[in-house]
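Let me begin by presenting the structure, written as structure tokens, before commenting on it.
The chains referred to below are lettered A, B, ... by the order of the sequence lines, with proteins before strands, and numbering in each begins at 1.
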Amino acid sequence: MRIATWNVNSVRLRLPLLEKLVAQRSPDVICLQETKVVDDTFPKKDIAAMGYEHIEVRGMKSYNGVAVLSRLPLKRLNDQPFCGRDDCRHLGVQVDGIDVHSLYVPAGGDEPDPAINDKFAHKLQFMDEMAVWSKQLKEQGRPVVLTGDFNVAPLETDVWSHKQLLKVVSHTPIEVEKFDIAQAAGGWIDAVRNSIPAEEKLYSWWSYRARDWAAADRGRRLDHIWASPDLAGRLSNASILRDARGWEKPSDHVPVIVDID
DNA sequence: ATGGTAGTTTCACTA
């Protein structure tokens with residue numbers, strides 16, 4: 001089973017790119033974030049026509065929104081109410097015996113100080129709850145794949161400049177610490193770094209605000225696929241589809257993909 | 001220290 005995760009930054013604008021992902025990589029399951037569409041107007045017909053007849057959505061007007069598209073039947077799991085808000089940042093399904101989650105962690109705003117920036121405080125609280133939830137999932141003992149835009153680049157090689165990003169939201173020590181705690185709480189395997197060495201620079205997001213994103217290559221690895229430890233020996237072909245950043249009308253994020261035997 | 005782009009409910013907000 002091939003699983004992809006992608007922050008599409010508006011699913012309606014990205015339908016041609018979704019088609020391109022399917023043509024190139026043919027995932028069985030696609031987890032989306034930032035769909036930016038209410039459930040009633042989610043383009044289910046177009047996506048079913050691409051071969052994904054099983055679709056679960058959780059969207060709101062204008063912001064956030066997650067979805068799972070699948071070739072195989074889905075059973076919806078309970079939505080996780082992070083930070084007591086119904087802001088459509090999580091959706092989980094059961095597919096072919098595996099629990100698959102699409103998660104969108106708050107970006108956190110610009111100022112990395114929870115005392116003066118509510119968005120950063122929200123992000124930190126969200127990550128604390130991610131750790132609690134991870135522990136619960138671990139105790140359930142089911143095979144789980146937790147994917148999404150976690151909005152944190154944990155390793156020095158997950159950003160274009162570790163030194164220059166230490167005070168930039170997404171790579172601050174407090175965020176990386178909470179990221180590590182959540183990962184440890186679930187016993188999660190980083191499915192991508194499991195096969196791509198930590199020495200290798202690796203990004204899944206490049207800002208729209210660069211004159212030439214590829215030349216500057218100031219990226220960050222914000223999008224992740226975590227797997228429960230029982231799946232360790234069944235992961236292969238992890239990849240990040242860098243090319244997608246150069247497609248016409250791109251998202252600022254690219255798909256992250258892994259195969260599970 | 002600033003400003004750069006993209007998407008959405010746009011003259012404002014989020015990323």
Would you call A/Arg221 and A/Asp190 a salt bridge, using N to O less than 4.0 angstrom? yes
Just call it for A/Arg14: base, sugar-phosphate, or nothing, with non-hydrogen atoms closer than 4.0 Å on any strand. sugar-phosphate
Once you round it to whole Å, what is the distance between P of B/dA1 and CG of A/Asp110? 14 Å
Could you measure between the two P atoms, the one in B/dA6 and the one in B/dT2, and give it in whole Å? 23 Å
Identified side chain to side chain contact (heavy atoms under 4.5 Å, CB included) counterpart of A/Glu175 within the set A/Asp180, A/Leu124, A/Val105: A/Leu124
Any chance you could list the contact pattern along nucleotides 10-15 of chain B? Use B for base contacts, S for sugar-phosphate-only contacts and - for none, protein heavy atoms under 4.0 Å, 5' to 3'. ---BSB
Taking atom C1' in both B/dT9 and B/dT14, compute the distance separating them and give it to the nearest angstrom. 12 Å
In whole angstroms, how far is the C1' atom of B/dT8 from the NZ atom of A/Lys249? 12 Å
Hey, which sits more toward the 5' end of DNA chain B by its nearest nucleotide, A/Ser10 or A/Ala210? A/Ala210
Looking at A/Lys201, I'd like to know if its NZ atom is crowded, meaning that more than 12 non-hydrogen atoms belonging to other residues, nucleotides or ligands lie closer than 6.0 Å. yes
Salt bridge between A/Lys178 and A/Asp128, side-chain N to carboxylate O under 4.0 Å? yes
If you measure from the C1' atom in B/dT5 to the same atom in B/dT10, how many Å do you get, rounded? 16 Å
Taken to the nearest whole Å, CZ/A/Arg218 to P/B/dT5 is 15 Å
Which whole number of Å gives the distance between the C1' atom of B/dC11 and that of B/dA1? 26 Å
Show every donor-acceptor pair shorter than 3.5 Å between a side-chain atom in residues 16-27 of chain A and any protein atom, with sequence neighbours excluded, or say none if there are none.
unit_1	atom_1	unit_2	atom_2	d
A/Arg25	NH1	A/Ser239	OG	2.9
A/Ser26	OG	A/Arg71	NH1	2.9
A/Ser26	OG	A/Arg71	NH2	3.0

Measure from CG on A/Asp40 to P on B/dT9 and round the result to the nearest Å. 14 Å
A/Lys61 atom NZ is separated from B/dG7 atom C1', nearest whole Å, by 15 Å
Assess whether a salt bridge exists between A/Asp158 and A/Arg193, defined as any Lys/Arg side-chain N lying under 4.0 Å from an Asp/Glu carboxylate O. yes
Could you measure between the two C1' atoms, the one in B/dA15 and the one in B/dG3, and give it in whole Å? 15 Å
Output all residues satisfying salt bridge (charged side-chain N to carboxylate O under 4.0 Å, His left out) with A/Lys138, sequence neighbours left out; order by chain, then residue number. none
